[in-house]
Amino acid sequence: MSFGDPNNPYGQQPPQAPQGPYGQQPPVPPQQGQPGYGYPQQAPQQQYGYPQQQAVPPQQQAYGGYPQQAAPYGQPMPGMPMGYASWGARLGAFLLDGLIIAAVPMILYIIGAVMAASTTSITPDTSSCPPGDVQCISDAYDTAASSATPVGAIIVMGLAWLLMIGGTFFLIAKEGASGQTPGKKVLGVKVIKEATGQPLGFGMTFVRYLCRYLNGLLCGLGWLWPLWDDKSQTWADKLAGTVVVSVK
């Protein structure tokens, strides 16, 4: 007569899972979907108290998906026009701008000169002065001089001067905002900052106009400098850090 499991005739006990050390639970076998022994484990979480490492944000890119690169010192920015304007185009734009702002003032100057010349022919009237009356003769000359003062001519010439100054500031404002005056726009040239490729603004354009007076030194050598300069710059351009490029 036998007892126990008929499939285990020898009465052996089935193998049991090994127990852990005293006071500890035996290891739990891996469940479905969880890695068992020998499988790569999850990375341990960072311990409390240590700063978490932030991801480095990607480099900001310019419009179009291309990263914007800084230009080397003294070199034009990428994408700016590289064709420098010829000396003839610059001269033509200068003469055209001068004609635009000086046409009306020159007409007024001529009118004022004619008015002044017509009033200087007045002679003092000393016929009413007794012989030897120096005071009467002096008063007659003063009256003639005051009558000959070309007040109208002075007003006309002053208006011409104001128009010339106003036209110059108009050119400065146009060139500072867009890099082009009316003459430069007709000839297809543009003044830009060499380091950025952008217009100068009113302040720097005003400084550049002041530097133009240096071009007249040494018999106007500064105006002729673009003929052999690599960047077709005048002395004023070099001082202001500008180049004149062709936009046609």
Side-chain angles (χ1 to χ4, degrees), residues 70-113 116 153-154 156-248:
Y73 179 77
Q75 299 296 327
M77 288 289 292
M80 67 178 286
M82 293 298 295
Y84 299 113
S86 64
W87 186 81
R90 296 186 61 170
L91 178 61
F94 177 79
L95 294 177
L96 187 56
D97 287 334
L99 180 63
I100 291 174
I101 68 171
V104 175
M106 285 300 298
I107 295 174
L108 293 178
Y109 270 121
I110 294 173
I111 294 175
I154 293 175
V156 172
M157 289 183 176
L159 180 60
W161 181 80
L162 290 177
L163 288 176
M164 182 71 74
I165 297 298
T168 302
F169 277 97
F170 167 76
L171 294 180
I172 294 175
K174 292 290 290 183
E175 184 173 314
S178 63
Q180 289 183 304
T181 58
K184 289 181 175 63
K185 192 170 185 179
V186 171
L187 272 296
V189 298
K190 185 177 182 179
V191 180
I192 55 177
K193 191 74 174 176
E194 183 181 7
T196 62
Q198 301 298 322
L200 304 181
F202 183 85
M204 283 303 300
T205 304
F206 180 76
V207 172
R208 181 176 178 269
Y209 270 62
L210 293 179
C211 293
R212 282 183 171 184
Y213 290 100
L214 300 177
N215 292 334
L217 300 177
L218 300 178
C219 301
L221 184 61
W223 294 110
L224 300 176
W225 203 261
L227 290 173
W228 53 79
D229 188 77
D230 293 337
K231 300 178 182 178
S232 298
Q233 290 177 305
T234 62
W235 293 349
D237 289 325
K238 293 183 179 298
L239 291 175
T242 59
V243 290
V244 182
V245 296
S246 177
V247 293
K248 278 191 174 181

Strictly distance-based, threshold 3.5 Å: is any side-chain N or O of N215 a donor or acceptor partner for the main-chain N or O of A236? yes

Could you tell me the separation between the CG atom of L163 and the CE atom of M106, rounded to the nearest 0.5 Å? 13.0 Å

Residue pair M157 / L108, side-chain heavy-atom distance below 4.5 Å: no

Taking the side chain from K231 and the backbone from T242, do they hold a donor-acceptor pair closer than 3.5 Å? no

Any side-chain heavy-atom pair from K190 and K184 closer than 4.5 angstrom? no

With side chains defined as the heavy atoms from C-beta onward, is the minimum distance between T168 and L171 less than 4.5 Å? no

Taking the side chain as every heavy atom from C-beta outward, state whether Q233 and Y84 have any atom pair closer than 4.5 Å. no

Student check: side-chain heavy atoms of M164 and V104 closer than 4.5 Å: no

Distance flag, aromatic centroids of W223 and F94, threshold under 6.0 Å: yes

Residues, nucleotides or ligands: over 12 heavy atoms within 6.0 Å of Y209 OH: yes

Specify the closest pair of heavy atoms between S178 and P199, including all atoms of both residues, with the distance to one decimal. C-CG, 3.9 Å

Exam field: side chain Q180 to backbone K174, donor-acceptor pair closer than 3.5 Å: no

Hey, does W235 have a side-chain heavy atom less than 4.5 Å from the side chain of L221? yes

Does the side chain of Q198 reach to within under 4.5 Å of the side chain of I192, using non-hydrogen atoms? no

Return the NZ to CG distance between K185 and D97, rounded to the nearest 0.5 Å. 12.5 Å

d(I172 CD1, L200 CG) to nearest 0.5 Å is 11.5 Å

Heavy-atom pair with the smallest gap, counting every atom of L187 and A89: CG-O, 3.8 Å

To the nearest 0.5 angstrom, please state how far the OG atom of S246 sits from the CZ atom of R90. 12.0 Å

Can you confirm whether V191 sits close enough to R208 that some side-chain heavy atom of one is under 4.5 Å from a side-chain heavy atom of the other? yes

Answer yes if the side chains of S232 and D229 hold a donor-acceptor pair under 3.5 Å, and no otherwise. no

For atom NZ of K238, decide whether the heavy atoms of other residues, nucleotides or ligands shown that lie under 6.0 angstrom number more than 12. yes

Step by step, work out the side chain to side chain contact (heavy atoms under 4.5 Å, CB included) result for Y109 and V156. CA-CA 7 Å; Y109 270 121; V156 172; over 6 Å; no

May I ask you to decide if the ring planes of W225 and W228 are parallel, tilted or perpendicular, using 30° and 60° as cut-offs? perpendicular

Calculate, to the nearest 0.5 Å, the distance between atoms CD1 and OG1 belonging to I101 and T181 respectively. 9.5 Å

Ignoring hydrogens, what is the shortest heavy-atom contact between T234 and P226? Give both atom names and the distance. CG2-CG, 3.4 Å

